[in-house]
Amino acid sequence: MRILLTLLLLGLAVPALADTPQITVSGRGEVAVAPDIARITLGVAQEAKAATEAMDLMGADMAAVLGGLQAAGIAPQDVQTSGLNLEIIRDYNSGNAPRITGYIARSDIAVTIRDLDTLGAVLDTLIEGGANQMNGLQFDVADRAPHLTAARQAAVADARAKADTYAVAAGLTRGPVQMIREAVQASQPMPMLEMRMAADSGPVPVAEGQIIISADVVIQYALN
């Protein structure tokens with residue numbers, strides 16, 4: 001009988017818990033940071049009648065580019081091949097079956113620049129060495145962890161402030177956290193800046209600016 005009474009009391013307690021008012025809010029935190037590294041994606045492309053000739057021309061240019069990077073003090077671990085392909089050029093206007101007229105050999109590399117003061121000079125070196133495919137320039141920070149922590153803290157504070165606003169407006173007070181999760185974001189590229197050739201023979205001008213590191217959180221609070 002005592003066990004049955006205990007079960008009945010537990011059963012009566014469940015609806016009371018379910019009726020506890022709650023609120024779910026989202027928060028966002030952003031931290032503006034001066035970048036300290038740059039990532040360049042570039043490539044070499046050469047066209048020739050024969051596949052081996054195209055590959056040889058491309059290889060010679062890429063060797064010059066890599067040699068320039070080494071001379072500029074870029075560490076080997078900061079240079080990575082990101083693509084290598086041979087494209088067939090076909091003529092579809094001959095009136096017959098497509099005719100192969102040549103080949104294009106391409107090779108791409110990704111380079112991390114850790115001294116931004118040398119960025120313009122390194123870009124000059126790459127262009128002069130034979131890089132003719134500039135695919136992107138992105139700024140970043142080498143250590144994102146402390147900035148991401150600050151953004152997460154700001155996101156929680158933002159969510160808490162929203163919960164307080166809604167609670168007061170409803171004549172209630174914010175209670176303890178019932179649930180908290182970080183919102184999943186699609187990967188966002190860092191700001192990409194256009195590279196412009198200088199009018200004279202000086203280094204390519206670039207502007208570092210700032211990057212934004214953000215965090216989003218969803219928190220559920222009990223309301224009293």
Side-chain angles (χ1 to χ4, degrees), residues 33-94 96-144 147 186-213:
V33 184
D36 56 17
I37 63 172
R39 294 188 175 92
I40 308 169
T41 306
L42 59 99
V44 171
Q46 285 291 352
E47 179 180 343
K49 295 289 186 180
T52 54
E53 182 184 2
M55 291 294 290
D56 288 343
L57 290 172
M58 180 275 294
D61 282 350
M62 183 55 73
V65 168
L66 295 175
L69 289 172
Q70 183 178 11
I74 306 301
Q77 61 267 27
D78 288 331
V79 181
Q80 182 178 16
T81 299
S82 57
L84 175 63
N85 63 75
L86 182 66
E87 176 184 343
I88 300 175
I89 304 174
R90 291 183 171 89
D91 180 10
Y92 292 92
N93 300 318
S94 60
N96 300 313
R99 182 171 57 90
I100 297 176
T101 59
Y103 298 85
I104 299 178
R106 305 179 190 273
S107 181
D108 297 314
I109 59 173
V111 182
T112 299
I113 308 297
R114 300 189 182 277
D115 182 0
L116 294 183
D117 291 338
T118 67
L119 179 55
V122 171
L123 290 175
D124 267 358
T125 298
L126 296 174
I127 294 169
E128 293 170 1
N132 53 15
Q133 303 284 313
M134 290 294 182
N135 301 322
L137 167 61
Q138 297 176 328
F139 291 104
D140 203 347
V141 288
D143 185 7
R144 296 174 64 88
H147 308 298
S187 178
Q188 297 292 328
M190 304 309 298
M192 183 178 293
L193 303 183
E194 179 185 1
M195 290 185 292
R196 298 166 294 154
M197 293 299 297
D200 53 20
S201 60
V204 176
V206 291
E208 299 167 14
Q210 288 185 320
I211 60 174
I212 302 298
I213 297 177

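Every value quoted in this text rests on a predicted model; they were computed, and no experiment measured them.
- A distance of 5.0 Å separates CD1 in Ile40 from CG in Leu119, rounded to the nearest 0.5 Å.
- The OG1 atom of Thr101 lies 10.5 Å from the CG atom of Asn93; values are rounded to the nearest 0.5 Å.
- To the nearest 0.5 angstrom, Ile89 atom CD1 is 8.5 Å from Lys49 atom NZ.
- Applying the salt bridge (charged side-chain N to carboxylate O under 4.0 Å, His left out) definition to pairs two or more places apart or across chains, none involves residues 55-70.
- For the pair Tyr103 and Ile88, the minimum side-chain heavy-atom distance is below 4.5 Å.
- For the pair Leu69/Asp78, no side-chain contact is recorded, criterion being any heavy-atom separation below 4.5 Å from C-beta on.
- Across all non-hydrogen atoms, the minimal contact from Thr112 to Ile74 is O-CG2, 4.1 Å.
- Under the 4.5 Å side-chain criterion, counting only non-hydrogen atoms from C-beta, Gln138 is not in contact with Ile211.
- Taking CD1 from Ile37 and CG from Asp115, the interatomic distance works out to 12.5 Å, rounded to the nearest 0.5 Å.
- Taking Gln80 as the reference, nothing meets the side-chain hydrogen bond (donor to acceptor under 3.5 Å, both in side chains) condition, with sequence neighbours excluded.
- Under the side-chain contact (heavy atoms from CB on, under 4.5 Å) criterion, Ala71 pairs with no residue at all, not counting sequence neighbours.
- A distance of 9.5 Å separates CG in Leu86 from OG1 in Thr52, rounded to the nearest 0.5 Å.
- Looking at heavy atoms from C-beta onward, Arg144 lies out of side-chain contact with Val33 at the 4.5 angstrom threshold.
- Contact check for Met58 versus Leu84: side-chain heavy atoms found under the 4.5 Å cut-off.
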